[in-house]
Amino acid sequence: MNYWLMKNEPEDYSIDDLAKDKTEPWDGIRNYQVRNMIRDEMRLGDNAFFYHSNCDIPGIYGQMTICKEAYVDHTAFDKNAKYYDPKSKKDTPRWLMVDVKFKKKFNKIVSLKELKSFKELSQMRVVQRGNRLSITKLEKKEWDFIIKLTK
DNA sequence: GCCAACGTTGGC
DNA sequence: GCCAACGTTGGC
(Lines give C-alpha, C1' and ligand atoms only; values in the text may rest on other atoms or scores of the structure.)
Protein backbone atom coordinates (compact mmCIF):
# COMPACT_ATOMS: atom_id res chain seq x y z
CA MET A 1 0.00 0.00 0.00
CA ASN A 2 1.38 3.38 -1.07
CA TYR A 3 0.39 6.92 -0.14
CA TRP A 4 0.37 9.79 -2.64
CA LEU A 5 -0.32 13.48 -2.95
CA MET A 6 -1.81 14.50 -6.29
CA LYS A 7 -2.03 18.14 -7.34
CA ASN A 8 -4.57 19.72 -9.56
CA GLU A 9 -5.84 23.18 -10.24
CA PRO A 10 -9.42 23.34 -8.95
CA GLU A 11 -10.43 25.53 -11.88
CA ASP A 12 -9.45 22.61 -14.06
CA TYR A 13 -10.84 19.78 -11.95
CA SER A 14 -11.64 19.97 -8.23
CA ILE A 15 -12.53 17.66 -5.36
CA ASP A 16 -16.16 18.72 -5.86
CA ASP A 17 -16.04 17.55 -9.46
CA LEU A 18 -14.65 14.21 -8.32
CA ALA A 19 -17.31 13.93 -5.62
CA LYS A 20 -19.89 14.27 -8.37
CA ASP A 21 -18.21 11.98 -10.92
CA LYS A 22 -17.11 9.31 -8.39
CA THR A 23 -14.22 8.18 -10.61
CA GLU A 24 -12.07 10.05 -13.10
CA PRO A 25 -9.06 9.45 -15.35
CA TRP A 26 -6.13 11.51 -14.02
CA ASP A 27 -4.89 12.60 -17.43
CA GLY A 28 -2.45 15.26 -18.57
CA ILE A 29 0.70 14.02 -16.83
CA ARG A 30 3.54 15.33 -19.00
CA ASN A 31 6.54 14.88 -16.76
CA TYR A 32 8.79 11.83 -17.00
CA GLN A 33 9.50 11.49 -13.30
CA VAL A 34 5.80 11.49 -12.53
CA ARG A 35 5.03 9.12 -15.40
CA ASN A 36 7.63 6.65 -14.17
CA MET A 37 6.24 6.78 -10.64
CA ILE A 38 2.68 6.05 -11.68
CA ARG A 39 3.93 3.28 -14.00
CA ASP A 40 6.33 1.59 -11.59
CA GLU A 41 4.97 2.26 -8.15
CA MET A 42 1.33 3.28 -8.15
CA ARG A 43 -0.93 0.31 -7.52
CA LEU A 44 -4.61 -0.50 -7.34
CA GLY A 45 -6.03 0.48 -3.98
CA ASP A 46 -3.30 2.99 -3.09
CA ASN A 47 -4.44 6.03 -1.13
CA ALA A 48 -4.04 9.58 -2.37
CA PHE A 49 -4.71 13.10 -1.19
CA PHE A 50 -6.36 15.54 -3.58
CA TYR A 51 -4.35 18.78 -3.46
CA HIS A 52 -5.60 22.05 -4.93
CA SER A 53 -2.87 24.24 -6.42
CA ASN A 54 -2.93 27.69 -7.99
CA CYS A 55 -5.93 28.84 -5.98
CA ASP A 56 -6.88 31.00 -3.00
CA ILE A 57 -5.92 28.41 -0.41
CA PRO A 58 -3.51 25.80 -1.76
CA GLY A 59 -3.73 22.61 0.28
CA ILE A 60 -5.24 19.18 0.76
CA TYR A 61 -8.98 19.07 0.21
CA GLY A 62 -9.85 15.39 0.20
CA GLN A 63 -9.00 11.79 -0.17
CA MET A 64 -9.25 9.24 -3.00
CA THR A 65 -7.99 5.83 -4.03
CA ILE A 66 -6.37 4.50 -7.18
CA CYS A 67 -8.98 2.40 -8.98
CA LYS A 68 -7.12 1.67 -12.23
CA GLU A 69 -3.40 1.26 -12.72
CA ALA A 70 -1.39 3.08 -15.38
CA TYR A 71 -2.63 2.89 -18.96
CA VAL A 72 -2.16 4.95 -22.13
CA ASP A 73 -3.17 8.61 -21.87
CA HIS A 74 -5.05 8.96 -25.16
CA THR A 75 -5.52 12.73 -24.65
CA ALA A 76 -1.91 13.12 -25.82
CA PHE A 77 -3.08 12.08 -29.31
CA ASP A 78 -5.89 14.63 -29.44
CA LYS A 79 -4.94 17.82 -31.27
CA ASN A 80 -7.68 19.71 -29.48
CA ALA A 81 -6.78 18.54 -25.99
CA LYS A 82 -5.05 20.86 -23.58
CA TYR A 83 -2.11 18.51 -23.14
CA TYR A 84 -1.76 17.35 -26.76
CA ASP A 85 1.74 16.03 -27.43
CA PRO A 86 2.57 15.50 -31.11
CA LYS A 87 5.56 13.40 -30.10
CA SER A 88 3.40 10.77 -28.44
CA LYS A 89 2.42 8.35 -31.22
CA LYS A 90 -0.25 5.70 -31.03
CA ASP A 91 2.22 2.88 -31.65
CA THR A 92 4.74 4.29 -29.16
CA PRO A 93 2.68 6.16 -26.57
CA ARG A 94 4.71 8.35 -24.30
CA TRP A 95 2.24 9.26 -21.56
CA LEU A 96 0.19 7.30 -19.05
CA MET A 97 -2.61 7.97 -16.63
CA VAL A 98 -4.44 6.23 -13.78
CA ASP A 99 -8.05 6.38 -12.64
CA VAL A 100 -8.93 7.74 -9.23
CA LYS A 101 -12.01 7.11 -7.10
CA PHE A 102 -13.55 9.63 -4.72
CA LYS A 103 -13.34 8.72 -1.06
CA LYS A 104 -14.05 11.86 0.92
CA LYS A 105 -13.93 15.61 0.97
CA PHE A 106 -12.45 16.90 4.21
CA ASN A 107 -14.62 19.08 6.42
CA LYS A 108 -11.42 20.70 7.56
CA ILE A 109 -8.91 21.23 4.78
CA VAL A 110 -5.17 21.16 5.47
CA SER A 111 -3.62 24.21 3.86
CA LEU A 112 -0.09 24.36 2.51
CA LYS A 113 0.62 26.93 5.20
CA GLU A 114 -0.43 24.43 7.84
CA LEU A 115 1.57 21.60 6.23
CA LYS A 116 4.65 23.82 6.40
CA SER A 117 4.16 24.49 10.09
CA PHE A 118 4.84 20.94 11.32
CA LYS A 119 8.34 19.57 11.57
CA GLU A 120 6.84 16.07 11.21
CA LEU A 121 5.96 16.99 7.62
CA SER A 122 9.13 18.84 6.66
CA GLN A 123 10.34 15.97 4.45
CA MET A 124 7.28 16.11 2.22
CA ARG A 125 8.19 17.26 -1.27
CA VAL A 126 5.17 19.50 -1.50
CA VAL A 127 6.42 21.79 1.28
CA GLN A 128 9.89 22.04 -0.20
CA ARG A 129 11.05 24.95 -2.28
CA GLY A 130 10.99 24.55 -6.02
CA ASN A 131 9.11 21.28 -6.05
CA ARG A 132 7.24 20.96 -9.32
CA LEU A 133 6.12 17.35 -9.36
CA SER A 134 2.35 17.07 -9.67
CA ILE A 135 2.37 13.71 -7.90
CA THR A 136 4.59 12.92 -4.92
CA LYS A 137 4.85 9.98 -2.58
CA LEU A 138 4.20 10.20 1.16
CA GLU A 139 5.29 8.11 4.11
CA LYS A 140 2.53 6.33 5.99
CA LYS A 141 3.38 8.32 9.11
CA GLU A 142 2.95 11.56 7.14
CA TRP A 143 -0.38 10.32 5.80
CA ASP A 144 -1.59 9.40 9.28
CA PHE A 145 -0.42 12.73 10.69
CA ILE A 146 -2.33 14.67 8.03
CA ILE A 147 -5.48 12.58 8.48
CA LYS A 148 -5.46 13.59 12.15
CA LEU A 149 -5.29 17.25 11.16
CA THR A 150 -8.58 16.90 9.27
CA LYS A 151 -10.46 15.80 12.35
C1' DG B 1 27.13 16.32 -24.25
C1' DC B 2 27.02 21.21 -22.90
C1' DC B 3 24.32 24.99 -21.87
C1' DA B 4 21.54 29.17 -23.11
C1' DA B 5 17.00 30.13 -24.12
C1' DC B 6 12.54 29.26 -23.42
C1' DG B 7 8.16 27.51 -21.34
C1' DT B 8 5.69 26.03 -17.29
C1' DT B 9 4.52 25.65 -12.47
C1' DG B 10 2.66 27.49 -8.59
C1' DG B 11 3.17 30.27 -4.27
C1' DC B 12 2.67 34.74 -3.01
C1' DG C 1 0.57 39.65 -12.15
C1' DC C 2 5.30 38.70 -10.59
C1' DC C 3 9.00 35.82 -10.53
C1' DA C 4 11.98 31.92 -8.71
C1' DA C 5 12.75 27.36 -9.75
C1' DC C 6 12.99 23.83 -12.66
C1' DG C 7 12.35 20.80 -16.99
C1' DT C 8 12.89 20.65 -21.90
C1' DT C 9 14.63 21.94 -26.30
C1' DG C 10 17.88 22.52 -29.75
C1' DG C 11 22.12 24.67 -31.68
C1' DC C 12 26.75 23.88 -31.61
Side-chain angles (χ1 to χ4, degrees), chain A residues 2-21 24-42 46-66 69-139 141-143 145-150:
Chain A
N2 299 303
Y3 299 88
W4 304 95
L5 183 146
M6 299 171 72
K7 285 186 199 173
N8 209 37
E9 302 187 11
E11 281 199 20
D12 215 37
Y13 194 82
S14 73
I15 187 74
D16 291 321
D17 296 321
L18 184 61
K20 188 153 26 92
D21 297 338
E24 180 74 5
W26 199 271
D27 60 14
I29 294 169
R30 298 291 180 269
N31 171 287
Y32 290 105
Q33 276 188 68
V34 174
R35 182 204 64 184
N36 294 347
M37 261 193 316
I38 68 163
R39 182 188 62 198
D40 301 336
E41 298 187 67
M42 193 174 266
D46 281 358
N47 289 304
F49 286 131
F50 196 132
Y51 180 98
H52 283 185
S53 63
N54 245 325
C55 56
D56 283 351
I57 307 176
I60 294 170
Y61 281 70
Q63 190 181 343
M64 54 199 177
T65 55
I66 306 306
E69 293 185 9
Y71 61 107
V72 173
D73 182 348
H74 57 80
T75 67
F77 308 136
D78 179 359
K79 281 191 177 61
N80 300 313
K82 183 176 177 190
Y83 294 106
Y84 171 59
D85 181 359
K87 291 177 186 160
S88 183
K89 307 291 184 193
K90 284 194 174 164
D91 49 348
T92 53
R94 177 177 290 198
W95 303 114
L96 302 172
M97 59 186 174
V98 297
D99 286 0
V100 296
K101 183 178 176 188
F102 178 76
K103 190 149 182 198
K104 77 169 61 155
K105 181 182 173 182
F106 295 137
N107 294 320
K108 182 182 166 302
I109 68 154
V110 184
S111 68
L112 177 62
K113 191 178 171 191
E114 196 177 356
L115 292 173
K116 284 179 170 173
S117 72
F118 294 103
K119 69 172 190 307
E120 290 89 341
L121 303 177
S122 60
Q123 296 305 307
M124 282 175 60
R125 309 255 341 227
V126 75
V127 304
Q128 289 165 8
R129 186 178 175 79
N131 167 57
R132 301 183 48 172
L133 300 178
S134 62
I135 300 180
T136 51
K137 207 171 177 181
L138 305 184
E139 299 294 331
K141 62 183 185 212
E142 291 164 341
W143 175 276
F145 190 90
I146 292 166
I147 291 286
K148 278 187 204 146
L149 297 176
T150 68

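Atoms considered below: every heavy atom in the structure, side chains included; atoms not considered: hydrogens, waters and symmetry mates. Naming: A, B, ... by sequence-line order, numbering from 1 per chain.
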Pairing of A:Lys108 and A:Glu114 as salt bridge, 4.0 angstrom limit: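 Answer for the salt bridge query: yes.
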- prompt: So does A:Asp12 pair up with A:Lys82, basic N to acidic O under 4.0 Å?
  reply: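 Salt bridge present between A:Asp12 and A:Lys82.
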Can you tell me how far [atom2] of [N] sits from [atom1] of [X], to the nearest Å?
X	N	atom1	atom2	result
A:Asn54	C:dC3	CG	P	17 Å
A:Glu11	B:dG11	CD	P	14 Å
A:Asn131	C:dA5	CG	P	13 Å
A:Lys7	B:dG10	NZ	P	4 Å
A:Gln128	C:dA5	CD	C1'	14 Å
A:Arg129	C:dC3	CZ	C1'	11 Å

field: Pair assignment for DNA chain B - dot-bracket with | for other-strand partners, Watson-Crick or G-U under 3.5 Å
entry: ||||||||||||
At their closest point, which heavy atom of [X] faces which heavy atom of [Y], and how far apart are they?
X	Y	answer
A:Leu5	A:Met124	CD1-CE, 4.0 Å
A:Pro10	A:Cys55	CG-CB, 3.6 Å
A:Glu139	A:Glu142	N-OE1, 2.8 Å

field: Ring center gap for A:Tyr71 and A:Trp95 short of 6.0 angstrom
entry: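 Ring centres of A:Trp95 and A:Tyr71 not closer than 6.0 Å.
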Table of protein N/O atoms under 3.5 Å from nucleotides 7-9 of chain C N/O atoms:
| residue | atom | partner | partner atom | Å |
| --- | --- | --- | --- | --- |
| C:dT9 | OP1 | A:Lys87 | NZ | 3.3 |

field: Any donor-acceptor pair under 3.5 Å from A:Arg30 side chain to A:Tyr83 backbone
entry: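 The answer is yes, because a donor-acceptor pair under 3.5 Å joins these two groups.
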message: Just to verify, which of A:Trp143, A:Trp4, A:Phe145 counts as forming a ring-ring contact (aromatic ring centres under 6.0 Å, His included) with A:Phe49?
response: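 So the option named by the test is A:Trp143.
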